[in-house]
S.K.: 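Have a look at this one.
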Amino acid sequence: MQDFCGALSSGTGSLETCRASHRLYSARPPRPTHFMTQAHSTLEEIRRIRIEKATELQKLGISAYPSKSARDAYAGPILAEYEAHEGKTVTVGGRIMSFRKQGGMAFAHIQDQTGKIQLLIRRETLGETRPADAAIGFTELRLLDVGDIVEGTGKVMKSMRGEISIEVVTLRLLTKTIRPLPDQWHGLKDRESILRKRYLDTIMDPESHRRYASVAKMIAGIREFLNARGFIEFQTPIIQAQYGGGTAKPFRTHVNALSTDMYLAISHELYLKRLIVAGYDKVYTIGRYFRNEGIDRSHHPEFSMVETMAAYENYEYNMDLVEEMFRHLAVNVFGRTEFKVKDQTIDFGPAWRRVRMVDVVSEVTGVDFGAMTTLDEAQAALKKLDVHEHAESIGHALVLAFEHFGEKTLIQPTLVYGQPVEISPLAKPLESDPRWAERFEIYIAGMECGDNWSEQNDPVQLLETWRKAYKVGEEDSGVFHALDFDFIEALEHGMPPTTGIGPGIERMAMIFTEQENIDDVIFFPMMRPAMSNVNAEIFGVDISAAKAPQKE
RNA sequence: GCGCGGGUAGCUCAGUGGUAGAGCAGUUGGCUUUUAACCAAUUGGUCGAGGGUUCGACCCCCUCCCCGCGUACCA
């Protein structure tokens with residue numbers, strides 16, 4: 001009785017059906033071997049029936065959740081090298097993706113990390129349930145469902161239709177699943193479900209499964225590349241008292257033990273520079289960055305960067321480093337140099353174009369901001385280009401023109417250097433022309449993929465720049481951060497000439513996996529918390545309060 | 001923030017101001033070489049939430065929630 005009307009069906013909707021089953025039960029003894037008492041197809045009922053199946057297995061002496069598997073083989077290698085495996089007894093394990101019972105035979109496909117392989121099950125071969133081995137017999141196959149995780153031991157052979165299969169002698173349940181998989185043919189299509197339950201998407205869609213694995217390999221490739229060049233990896237704090245290294249809006253948090261408000265990192269570069277001061281010449285971190293700003297197809301509030309610092313080098317060293325790193329990843333992780341992004345083919349093979357920002361703009365618009373000497377001149381030029389935003393300086397005007405016209409034309413990997421010093425407070429000015437910074441940005445497929453510069457290591461200069469910026473920031477309603485005097489102090493102890501790169505991991509992953517949406521390279525994208533009605537019912541949660549308007 | 005599109009069974013999707021549909025999955029029975037197996041029977045719905053108009057609303061109107069796309073903001 002408890003099984004049918006207990007906590008699981010506490011929702012009011014099932015009251016009537018519960019009563020009905022009570023009547024059934026008082027009329028005749030329960031028949032736990034059939035699930036006809038309440039064979040409805042709501043999720044709640046499907047779930048209940050599957051829990052019952054687990055209970056029934058338990059009664060037969062078979063655990064639905066054993067702790068260990070005897071798996072010693074994988075689908076992929078068996079399929080790839082059939083001859084080497086033919087006739088050998090193996091134990092494969094995985095999730096049941098399909099199940100076809102046909103009288104005294106049954107066929108199932110199970111999926112492991114490497115692929116899908118067919119289990120061929122014969123009544124005579126499988127035999128009866130043997131609790132001592134935790135082996136499920138032919139009659140008890142009905143207690144298994146698509147989605148369950150099982151292991152099968154048997155000989156590698158081919159079915160009559162020629163499909164490589166395992167002729168199962170021993171079938172064990174490893175994990176009973178109590179929710180159904182999505183439609184086995186269509187998979188998961190609803191975008192919201194895909195994002196909230198990416199695990200279902202990766203179960204159903206091998207391409208999606210592979211994609212996330214290749215993002216992980218890419219990150220491993222970055223480490224391999226940098227380690228081979230003498231970089232050492234450090235951890236830097238995510239919770240920071242000052243959020244330096246940029247002008248982004250931070251997330252605020254509170255540290256109870258210190259009774260202090262702190263911030264989630266918007267950047268890690270000030271810490272990497274302290275490491276350079278500390279005497280490590282080549283350092284990097286692969287860290288999390290948090291920016292309390294907009295979300296769109298290429299921005300996510302929580303993202304990753306690989307950030308490096310190399311001492312005794314300037315930005316030109318980094319131009320080579322970045323180019324080599326992308327080529328290394330393309331070739332060694334993805335096995336090719338060409339990638340399709342937004343109908344364009346990006347080629348990492350040839351040497352990258354290196355071009356000054358002023359030259360990009362003059363190529364595209366015919367306007368040479370480098371030749372201008374007054375702000376009025378620059379402002380007039382902007383107007384002529386139909387850009388009606390206010391520029392505070394010639395440099396700002398150049399950046400506006402670049403963002404409007406230049407950026408999107410940079411399809412092939414391009415290093416744009418010579419950014420205006422006004423927008424480069426942490427970079428050194430070019431010795432040849434102090435209006436521009438020793439800085440470059442990476443553009444691929446019209447998207448900014450990283451920012452790099454020769455680090456300003458003159459502590460007096462930097463403090464002055466920061467003070468100016470802070471004033472501007474104050475007027476801008478406190479967006480700019482407080483000065484990090486601890487960092488200035490470290491700099492006053494002397495940081496050798498240093499240069500750093502900071503390509504965004506997700507944007508690299510988007511290019512290498514040919515995705516146009518950042519959510520398709522982030523396994524757990526940020527979502528508003530939500531609970532479906534059916535889950536609220538199942539879990540006994542009252543979501544009416546959550547559904548009420550909650551505007552501030 | 002604004003604009004547009006979407007939310008119907010566990011999944012994939014139709015649908016119309018007048019009794020909510022299909023396929024898959026589920027349940028029951030049959031079938032000893034299947035491949036989205038097949039055959040037969042069958043269950044399953046607060047149509048995202050709340051309010052309004054109407055004799056009658058899944059459909060029309062309003063508010064809200066969630067998602068997507070576009071746009072804006074943003075090292």
Side-chain angles (χ1 to χ4, degrees), chain A residues 11-13 17 34-50 53 97-109 116 118-125 138 142 145-147 157-163 165 167 178-197 200 204 245-249 266-267 269 289 291-299 301 305 399 403 419 423-426 439 441 448 450-451 453 479 502 504 516-517 519 525 527-538 543-544 546-551:
Chain A
T12 50
T17 45
H34 292 126
F35 306 101
M36 55 195 305
T37 45
Q38 291 202 6
H40 305 309
S41 292
T42 61
L43 179 60
E44 243 180 311
E45 296 299 336
I46 289 170
R47 199 169 161 273
R48 184 186 55 74
I49 287 168
R50 287 182 170 216
K53 287 177 177 174
M97 298 304 289
S98 67
F99 192 84
R100 297 174 293 282
K101 197 167 169 245
Q102 182 170 359
M105 282 197 87
F107 297 89
H109 277 100
K116 261 186 232 180
Q118 178 167 271
L119 301 184
L120 185 154
I121 300 166
R122 269 205 183 91
R123 174 175 276 144
E124 306 84 68
T125 316
F138 198 85
R142 68 198 168 75
D145 289 286
V146 169
M157 46 87 75
K158 277 189 181 169
S159 73
M160 254 179 190
R161 291 289 178 93
E163 178 164 349
S165 309
E167 190 176 17
I178 62 175
R179 284 194 189 226
L181 287 177
D183 187 289
Q184 71 170 41
W185 190 244
H186 297 99
L188 206 53
K189 282 277 156 55
D190 176 61
R191 187 70 184 158
E192 182 170 357
S193 299
I194 288 174
L195 295 178
R196 288 190 191 276
K197 296 181 256 198
L200 288 180
M204 302 308 295
T247 62
K249 288 178 191 148
I266 60 163
S267 170
E269 71 166 272
Y289 293 66
R291 298 190 177 176
N292 210 343
E293 293 165 5
I295 302 177
D296 62 33
R297 296 212 299 175
S298 60
H299 292 83
M305 284 210 299
V399 171
E403 284 171 354
Q419 276 70 4
I423 63 154
S424 312
L426 293 165
R439 170 181 178 182
E441 291 168 312
E448 193 204 318
D451 201 354
W453 53 73
V479 166
E516 290 179 21
N517 198 318
D519 288 341
M527 303 283 279
R528 281 206 173 83
M531 183 178 274
S532 64
N533 290 334
V534 64
N535 270 353
E537 191 82 8
I538 286 171
I543 56 172
S544 56
K547 293 223 159 178
Q550 46 181 333
K551 276 275 153 81

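So that the names make sense, note that chain A is the first sequence line, chain B the second, and so on, each numbered from 1. What you are looking at is a predicted structure, and each value in this text was computed from that prediction instead of being measured.
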S.K.: Give the rounded distance in Å between these two atoms: CZ of R123(A) and P of rU32(B).
M.R.: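 From R123(A) CZ to rU32(B) P: 8 Å.
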S.K.: Would you measure the distance from the C1' atom in rA9(B) across to the matching atom in rU43(B) and give it in whole Å?
M.R.: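 After rounding to an integer number of Å, I get 11 Å for this pair.
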S.K.: Strictly under 3.5 Å: I want the nitrogen or oxygen pairs between protein and nucleotides 11-13 of chain B, one per line.
M.R.:
from    : atom 1 : to      : atom 2 : distance (Å)
rC11(B) : O2'    : D183(A) : N      : 2.9
rC11(B) : O2'    : G187(A) : O      : 3.2
rC11(B) : O2     : D183(A) : OD2    : 3.4
rU12(B) : OP1    : K189(A) : N      : 2.8
rU12(B) : OP1    : D190(A) : N      : 2.9

S.K.: On RNA chain B, check which nucleotide each of R439(A) and A530(A) is closest to and give me the residue with the more 5' one.
M.R.: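 Going by which nucleotide is closer to the 5' end, it is A530(A).
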S.K.: Do the side chain of Q118(A) and the base of rU34(B) come within less than 3.5 angstrom through a donor-acceptor pair of N or O atoms?
M.R.: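 Side chain to base: pair found, below 3.5 Å.
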S.K.: Would the distance check show the side chain of N517(A) and the main-chain N or O of D519(A) forming a donor-acceptor pair, the cut-off being under 3.5 Å?
M.R.: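 Pair found, side chain donor or acceptor close to backbone of D519(A).
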S.K.: If you check every side-chain atom of W185(A), which of rA36(B), rG45(B), rC67(B) has the closest atom?
M.R.: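 Closest nucleotide among those given: rA36(B).
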S.K.: What closest approach, in Å, do L120(A) and S159(A) show between heavy atoms, and which atom pair accounts for it?
M.R.: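 Shortest heavy-atom contact: CD1-CB, 3.9 Å.
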S.K.: For RNA chain B, produce a single dot-bracket line, 5' to 3'. Pairs: Watson-Crick or G-U wobble, both distances under 3.5 Å. Symbols: ( ) within strand, [ ] crossing, | other strand, . unpaired.
M.R.: (((((((..((((....[..)))).(((((.......))))).....(((((..]....))))))))))))....
S.K.: In terms of the nearest nucleotide of RNA chain B, which residue is placed more toward the 5' end: V534(A) or E124(A)?
M.R.: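 Nearest-nucleotide comparison on RNA chain B picks V534(A).
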S.K.: Please check if the side chain of R291(A) supplies one atom and the backbone of I266(A) the other of a donor-acceptor pair under 3.5 Å.
M.R.: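 Yes.
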S.K.: Assess whether side chain to side chain contact (heavy atoms under 4.5 Å, CB included) is satisfied between N533(A) and E537(A), documenting all intermediate values.
M.R.: CA-CA 6 Å; N533(A) 290 334; E537(A) 191 82 8; over 6 Å; no
S.K.: Report the residues that fulfil side chain to side chain donor-acceptor pair (under 3.5 Å) with S165(A), sequence neighbours left out, ordered by chain and then residue number.
M.R.: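 Listed in chain order: Q118(A).
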S.K.: Give the rounded distance in Å between these two atoms: CG of N533(A) and P of rG48(B).
M.R.: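 Result: 10 Å.
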S.K.: Classify the side chain of S41(A) and the base of rG26(B) as holding, or not holding, a donor-acceptor pair under 3.5 Å.
M.R.: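 Yes, the side chain and the base share a sub-3.5 Å donor-acceptor pair.
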S.K.: Can you measure Q102(A) atom CD to rG30(B) atom P for me and round it to whole angstrom units?
M.R.: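 Atom-to-atom, Q102(A) to rG30(B), this comes out as 14 Å.
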S.K.: Polar-atom pairs under 3.5 Å, protein N or O versus N or O of nucleotides 69-73 of chain B: list them with distances, or write none.
M.R.:
from    : atom 1 : to      : atom 2 : distance (Å)
rC69(B) : OP1    : N517(A) : ND2    : 2.4
rG70(B) : OP1    : R297(A) : NE     : 3.2
rG70(B) : OP1    : R297(A) : NH2    : 3.1
rG70(B) : OP2    : R297(A) : NE     : 3.4

S.K.: Identify, with sequence neighbours excluded, every residue that meets side chain to side chain donor-acceptor pair (under 3.5 Å) alongside R439(A).
M.R.: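 Result, side chain to side chain donor-acceptor pair (under 3.5 Å) vs R439(A): S424(A), D451(A).
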S.K.: Kindly write out the residues that satisfy side chain to side chain donor-acceptor pair (under 3.5 Å) with R122(A), not counting sequence neighbours, or none if the list is empty.
M.R.: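 With neighbours one apart ignored, the set is E167(A).
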S.K.: When all nucleic acid strands are considered with a 4.0 Å heavy-atom cut-off, which category describes R196(A): base, sugar-phosphate, or nothing?
M.R.: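 Contact class for R196(A): sugar-phosphate only.
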